[in-house]
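Reading through the structure tokens given below for one structure.
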Amino acid sequence: MSDARNPARAVLEGPDIHRALTRIAHEILERTRGAESVVLIGIPTRGATLAQRIAERIAQFEGIKVPVGAIDVTMYRDDLRLRPARPLGRTELPADGVDGRTVVLVDDVLYSGRTVRAALDALNDVGRPRAVQLATLVDRGHRELPIRADYVGKNLPTSKSEKVKVFLEETDGRDAVVLIKEGDR
Amino acid sequence: MKRHLISTGDLTRDDALLILDTAEELARVSQRSIKKLPTLRGRTVVNLFFEDSTRTRISFEAAAKRLSADVINFSAKGSSVSKGESLKDTALTLEAMGADAVVIRHSASGAPHRLASWVRGSVVNAGDGTHEHPTQALLDAFSIRRRLGRLEGLKIAIVGDVLHSRVARSNVLLLHTLGAEVTLVAPPTLLPVAVGTWPCQVSYDLDAVLPKSDVVMMLRVQLERMNAAYFPSAREYSRRYGLDRDRFARLHDDAIVMHPGPMNRGMEISAEVADSPRSTIVEQVANGVTVRMAVLYLLLGGSEPAIGGAE
């Protein structure tokens, strides 16, 4: 992979990601009064991994098992016709569903907000949560829709010409958030 | 690029796996209370059926509707076709209505191929003459993979009227692409002349093939096409090539039995075998909708089709 060889600027390293997720887990506990009736739903693939990690931390801190799931938003995207049809990710909802729960959507990078919009639509088709909140590891700005995150790992001012790539141990063998400048690739 | 699904021979291994994997994810949607997805909103799918087929047409219709496409059903009966309109003129009419995909069932082998050169949308072959029926083969492969967990290296017997079967041809081509070993079992009169060129083995003896098969796919004896004497009597056919209780008992324990439907119970398959838990016949119908959703999504969902053969 060109990204892996390229020592493009790593904005967050393993320990930083670790700390950010720990803080997000604490914030979720604080804001939802002990994560009662919270369901963590990640957006595949890396959002789903992050949701899993946040759930592990919540279990560590408070000893409660928060239901975790994943929701694929591909079929709900508004940019489907800009590219050839793409493979679907895995949707896995907790057995008890999302009805009446506080759903915390988890994604790796928040950018235009279009993925989150698609996720809200997808969520609408699987149930009716009491409330929906959003957690993201990186918020890089440039929103195109009125969407904001409730929990942010790091605010990262970027230019539109840059790319933000998140690597996670589970899928990529290492933890890092990398900023790739245009022309680096 | 314009792409169609006319023959399973046009699908690469990657294409075929992409369809099966997509169907696997879509199967989860069929389990929830809201089964509809907004993906093909504003797209039009025309079901163009020149030959009777309730189950295939309904399956395609359900698939398109679950993806929010608009569906126009066009059946030859009571339409301008009965007034003598040609396939080409029908195609041009559909074109003018702005069809993004045309699902065609026709009694003439090759009709979908001709149609593909006349319309702008993607053509999906829903069975043409004795040629091919690709979505049936895909749903069969999908059903096998769901039951047995893989396709690679499986021994699959396809038994019966291969000569008139578009299902057999599509399955041989697809299952070969996916790494299974296919054996056709039929009386010599019910095998096509060119079967030697197909990527499969041929046997006239069902009893010899059964014990080493992982999957037994029974084909319907197409009584409506039996105008020539392909076998002496229905009873004799059933004796030699029917899957009855005794033959079923000789299959190994994990083997499954399939049938594309509609069945002639008591002819090629006994009722007892058809209703056994090792038969996938009912699942095949449910899987049909899912697989057809995957095909429509991959052909129409993006800026250009992700699967299929170029015209």
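Only this structure's heavy atoms are used, side chains among them; waters, hydrogens and symmetry mates stay out. Just so it is clear: chains get the letters A, B, ... in the order the sequence lines come, proteins before strands, and each one is counted from 1.
Nearest heavy atom pair, residue A/Asp125 against residue B/Arg32, reads CB-NH2, 3.4 Å. Between B/Ser303 and A/Pro84, the shortest heavy-atom contact is OG-N, 3.2 Å. Among all heavy-atom pairs drawn from A/Leu80 and B/Gly301, the shortest one is CB-O, 3.5 Å. The minimum heavy-atom distance linking A/Gly89 with B/Glu25 is given by the pair O-OE1, 3.4 Å.
In this structure, no portion of A/Arg77 lies under 4.5 Å from any heavy atom of chain B. With a 4.5 angstrom heavy-atom cutoff, B/Leu18 touches chain A only via side-chain atoms. For B/Leu67, the part lying under 4.5 angstrom from a heavy atom of chain A is the side chain only.
Under a cut-off of 6.0 angstrom, the local environment of NE2 in A/His18 is sparse, with at most 12 non-hydrogen atoms contributed by other residues, nucleotides or ligands. No more than 12 heavy atoms of other residues, nucleotides or ligands sit less than 6.0 Å from atom CZ of A/Arg128. In the displayed structure, A/Glu169 atom CD is contacted under 6.0 Å by more than 12 heavy atoms of other residues, nucleotides or ligands. A 6.0 Å sphere centred on CZ of A/Arg143 holds more than 12 heavy atoms belonging to other residues, nucleotides or ligands. The environment of NZ in B/Lys35 is crowded: more than 12 heavy-atom neighbours from other residues, nucleotides or ligands sit within 6.0 Å. Remark: B/Lys36 NZ is packed, more than 12 non-hydrogen atoms of other residues, nucleotides or ligands lying under 6.0 Å away.
In this structure, B/Thr22 OG1 and A/Met75 CE are separated by 8.5 Å, a value rounded to the nearest 0.5 Å.
Side-chain contact between B/Glu304 and A/Arg81: absent, with no pair of heavy atoms (C-beta onward) separated by less than 4.5 Å.
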Quiz item: After noting the C-alpha distance and the side-chain angles of B/Leu26 and A/Leu88, does the key distance pass the side-chain contact (heavy atoms from CB on, under 4.5 Å) rule?
Solution: CA-CA 9 Å; B/Leu26 289 171; A/Leu88 304 182; 3.9 Å; yes
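No donor-acceptor pair under 3.5 Å is formed between the side chain of A/Tyr76 and the backbone N or O of B/Leu37. Distance alone, capped at 3.5 Å, is enough to place a donor-acceptor pair between the B/Arg28 side chain and the A/Thr91 backbone.
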